[in-house]
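Everything below concerns the one structure shown next.
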Amino acid sequence: MTTNQPESAPAEKSLNFLEEIIENDIARGNTRVLTRFPPEPNGYLHIGHAKSICLNFGLARKYGGLTNLRFDDTNPVKEDVEYVDSIKEDVQWLGFQWAEEHYASDYFEQLYDWAVQLIRASKAYVDDQTQEQIRTGRGTVTVPGTPSPWRERSVEENRELFAGMRSGKFADGEKVLRAKIDMAHPNMLMRDPILYRILHTDHHRTGDKWCIYPMYDYAHGQSDSIERITHSICTLEFDVHRPLYDWFIRELDIFPSHQYEFARLNLTYTVMSKRKLLSLVQTGLVSGWDDPRMPTICALRRRGYTPESIRAFAEKVGVAKRDNVIDLGLLEFCVREDLNRRSERRMGVLDPIRVVITNFPEGKTESIRCVNNPEDEAAGSRDVPFTREVYIDRDDFMEDPPKKYFRLSPGGEVRLRYGYLIRCEEVVKNAAGEVVELRCTYDPESAGGGSSDGRRVKGVIHWVSAQHAVPAEVRLFDRLFSREDPDDVEEGKVFTDYLNPDSLKVVTGYLEPALAGAAAGETFQFERLGYFCVDKDSTSSKLIFNRTVTLKDSWAKVAGR
RNA sequence: UGACCCAUGGUGUAAUGGUAACACUGCAGAUUUUGGUUCUGUCAUUCCAGGUUCGAGUCCUGGUGGGUCAACCA
């Protein structure tokens, strides 16, 4: 009778709308789940793609299905193998493996045959109008379009012309193949959409084999169908394309893949448009696609973000159909949460003040045992040399401390982390009045956390032996844009008006000797300063660290910094 | 002056006609050899108007607001 069991076992996590769709499909007997991630290889993947990747692969994994990687390479003008390679690397780095690798260009022949089939059925025709004529003929959102004068060409003539297009008889722009649907359709995309255009351009995979290339709408659904994709998940702006997607599948009578749309990721202070990112790279406002200030996957990796943190972020932002703007702080929270658990702590100062401990013997070096990671006992400890002269961070000393300042000040006492209590006895300044040196005394009995008389201090600061310090270039990154919604701004304006002038600061830091051998990609927490990752350009003779993210700093709020 | 999509705290996401919840952020406190972490507490939410219903965030109608669509881009 005394049943005191916690009957409210953690309610199973609620489903997002895509999971509901899939579960309904499964309930109806469609148990196979095959999704696809279909980037166009015209740029590097960014955090927005990461959401899509996590969704597509995550959904398939959850329901025992698979995911294909398909390159939507139907526009040779913009595409390049450089991008193909980077995309594959980034997807794998995020922790996902695709079942099959495909290219829309592998389907060109099949797509061509289907176009001929549509021509035979009088569902497609070759249009001789200029781009301008086609545009005006399409009407507007409120005015119906008018049929092309070439709309009623005979099947035979269309076949001949289309074959001519393929064989290179015509110049770019001279002719296009159009579907014959409805020039008065309320959905502009259904007003005889273009299927093929002539482009005498080499393709990164098919070379000069083709001079006509299919449009997105004509290639995407059919590619899904060829691969027998069950759930074709894309972003909201493709919603109006769905009727066309379905039209091709119906007219061609091929495997019925279905398209579902979700809201793309938007992040505050972040430009997500591939075009704008490309422009940032091309104008040299950033050093490249992997400039650590970019929102690209490769930049985040270089900056020290982990795949786990990005996946956790994708999980936290959720999936829905309404437009959203995620606070950049959430991404930073995810990376801190992950790094806090796994990063070893090291000491370093970025803006040094020399501290001379006057009652510590000259020439003596003591070893101080430091815990590597208080979150993880298995991380062990290391010994850090302590000498008469050390550096501390300028932030950790104030000549005129406000009320709740816990760190060092004249006459005040503070603990050197894992080391001794020191008291500031004298402040030495240069001619300009700047503090250049602090003369302190230490309490020899304060090792290990205690003190000679049991007194305790609130302030604990990091330090590094001046004699042993290792200099390193430390890059402090801040958001690239000062504006919360840079993606909303017109392309040209973004770069001129809203760039954050303080997005990159480079300083020379003095680090504890254990950091000398750090390898590229390793991330450490420099106590209280944040997480730092060894840059890929770092060498044994020149150490370079990128700041991944700062620690939450409640003192900054108190001090109004 | 069209078609389609969307509308829940500051930001996101849940609630499958039945007590509006979770996370981030903010604020307050405790712990802490990192002003970090951890822990506790706390502020704050259903766009508007009708209708259906015993009961509506949820269903219906109409508004309002936001978004997408008029590339031979994807």
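Quick note on labels: first sequence line is chain A, next is B, and so on, each numbered from 1.
- The residue K274(A) sits apart from the nucleic acid: no heavy atom pair falls under 4.0 Å.
- Within the structure, every side-chain polar atom (N or O) of R178(A) is placed at least 4.0 Å from both OP1 and OP2 of C72(B).
- Salt bridge annotation for R382(A)-E512(A): present, with a cationic side-chain nitrogen under 4.0 angstrom from a carboxylate oxygen.
- Figure legend. C24(B) is base-paired to G10(B); pairs are counted as Watson-Crick or G-U wobble with both atom distances under 3.5 Å.
- Across the protein-nucleic acid pair, D239(A) atom CG and C4(B) atom P stand 11 Å apart, rounded to whole Å.
- For H462(A) and U34(B), the NE2 to C1' distance is 9 Å, given to the nearest whole Å.
- The residues E227(A) and R36(A) are annotated as not salt-bridged, no charged nitrogen and carboxylate oxygen being separated by less than 4.0 angstrom.
- Cation-pi check for R153(A) over Y125(A) is not met; the charged atom does not lie both under 6.0 angstrom from the ring centroid and within 45 degrees of its normal.
- When heavy atoms are screened at a 4.0 angstrom cut-off, Y196(A) is found touching no nucleic acid atom at all.
- H231(A) pairs with exactly one of F262(A), Y260(A), F37(A) by the ring pair (Phe, Tyr, Trp, His ring centres under 6.0 Å) rule, that one being Y260(A).
- Atom name C1', nucleotides G36(B) and C69(B): the rounded distance is 49 Å, in whole Å.
- Side-chain contact of D224(A) with Y245(A): a donor-acceptor pair under 3.5 Å is present, judged by distance alone.
- One can place NZ of K552(A) at 8 Å from P of U38(B), the figure rounded to the nearest angstrom.
- Look at U19(B): it lacks any Watson-Crick or wobble partner with both distances under 3.5 angstrom.
- Nucleic acid contact class of Y213(A) (heavy atoms, under 4.0 Å, all strands): none.
- Spacing between G57(B) and A3(B) at atom C1', rounded to whole Å, works out to 27 Å.
- Both distances falling under 3.5 Å, in either a Watson-Crick or a G-U wobble arrangement, occur for no nucleotide opposite G35(B).
- A gap of 24 Å separates the P atoms of G12(B) and A20(B), to the nearest Å.
- Of the candidate nucleotides C72(B), U34(B), G35(B), C72(B) has the atom nearest to the side chain of I194(A).
- When the P atom of U13(B) is taken as reference, atom CD1 of I326(A) falls 6 Å away, rounded to whole Å.
- Only the C1' atoms considered, C47(B) is 23 Å distant from U1(B), to the nearest whole Å.
- Closest to the K557(A) side chain, of the nucleotides C27(B), A74(B), U13(B), is C27(B).
- Across all strands, E261(A) comes closer than 4.0 Å to no nucleic acid atom at all (heavy-atom distances).
- Minimum atom distance to the side chain of A320(A) is reached by U13(B), of the listed U37(B), U13(B), U33(B).
- Counting non-hydrogen atoms under 4.0 angstrom, E237(A) reaches the backbone sugars and phosphates but no base.
- Of the listed nucleotides (C73(B), U13(B), G35(B)), C73(B) has the atom at the smallest distance from the side chain of N75(A).
- Among the atoms of the strands shown, none is found under 4.0 Å from any heavy atom of R336(A).
- Across all strands shown, U45(B) remains unpaired; no Watson-Crick or G-U wobble contact has both distances below 3.5 Å.
- Nearest to the side chain of V141(A), among A74(B), A70(B), G36(B), sits A70(B).
- Spacing between atom CG of D323(A) and atom P of U13(B) amounts to 10 Å, rounded to whole angstrom units.
- Between R138(A) and C72(B), a side-chain N or O to OP1/OP2 separation shorter than 4.0 Å is present.
- U19(B) and C27(B) have their C1' atoms separated by 27 Å, with the value rounded to a whole Å.
- When each of U68(B), C72(B), A15(B) is scored by its nearest atom to the side-chain atoms of S14(A), the top-ranked nucleotide is A15(B).
- Between the C1' atoms of C48(B) and G65(B), the separation comes to 10 Å (whole Å).
- When the side-chain nitrogen and oxygen atoms of K321(A) are compared with OP1 and OP2 of G67(B), none of them lie within a distance under 4.0 Å.
- A salt bridge is absent between D443(A) and R423(A); no separation between the charged side-chain nitrogens and carboxylate oxygens falls under 4.0 Å.
- Residue T74(A) places at least one side-chain N or O under 4.0 Å from the OP1 or OP2 atom of A74(B).
- If you check U37(B), U34(B), C72(B) against the side chain of P374(A), the one that comes closest is U34(B).
- The OH atom of Y103(A) sits 12.5 Å away from atom OG1 of T206(A), with the distance rounded to the nearest 0.5 Å.
- When heavy atoms are screened at a 4.0 angstrom cut-off, V325(A) is found touching the sugar-phosphate backbone but no base atom.
- Comparing P186(A) and V319(A) along RNA chain B, the residue whose closest nucleotide (by nearest heavy atom) sits nearer the 5' end is P186(A).
- Here, C5(B) and C73(B) have their P atoms 28 Å apart, quoted to the whole Å.
- I233(A) places its CD1 atom 21 Å from the P atom of A74(B), with the value rounded to the nearest Å.
- For the pair L189(A) CG and G2(B) P, the interatomic distance rounds to 19 Å; values are reported in whole Å.
- Each of F333(A) and N373(A) was matched to the nucleotide of RNA chain B holding its nearest heavy atom; the match closer to the 5' end belongs to F333(A).
- Counting non-hydrogen atoms under 4.0 angstrom, P38(A) reaches nothing in the nucleic acid.
- Between the P atom of U13(B) and the CG atom of L18(A) lies a distance of 13 Å, rounded to the nearest Å.
- Side-chain proximity of R197(A) to the nucleotides A70(B), G36(B), C73(B) is greatest for C73(B).
- On the C1' atoms, U46(B) is 26 Å away from G41(B), given to the nearest whole Å.
- In this structure, D192(A) does not pair ionically with R138(A), as no charged nitrogen and carboxylate oxygen lie closer than 4.0 Å.
- Anti is the conformation of A21(B), whose glycosidic angle sits further than 90° from 0.
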### Message
Walk me through whether Y196(A) and F162(A) qualify under ring pair (Phe, Tyr, Trp, His ring centres under 6.0 Å).
### Response
CA-CA 9 Å; Y196(A) 275 93; F162(A) 188 47; 5.4 Å; yes
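- Note on R242(A): nothing from the nucleic acid sits closer than 4.0 angstrom, heavy atoms only.
- When heavy atoms are screened at a 4.0 angstrom cut-off, Q129(A) is found touching base atoms of the nucleic acid.
- For C69(B), the paired base is G2(B) (Watson-Crick or G-U wobble, both distances below 3.5 Å).
- A close approach under 4.0 Å does occur between a side-chain nitrogen or oxygen of S554(A) and OP1 or OP2 of G36(B).
- A cation-pi geometry, defined here as NZ or CZ lying under 6.0 Å from the six-membered ring centre and within 45° of its normal, holds between R166(A) and Y112(A).
- A close approach under 4.0 Å does not occur between any side-chain nitrogen or oxygen of R264(A) and OP1 or OP2 of C6(B).
- Across all strands shown, G530(A) has no heavy atoms under 4.0 Å from either base or sugar-phosphate atoms.
- Closest to the side chain of R275(A), from the set U34(B), C72(B), A71(B), is A71(B).
- Pairing for G55(B) is absent, with no Watson-Crick or G-U wobble pair whose two atom distances lie under 3.5 Å.
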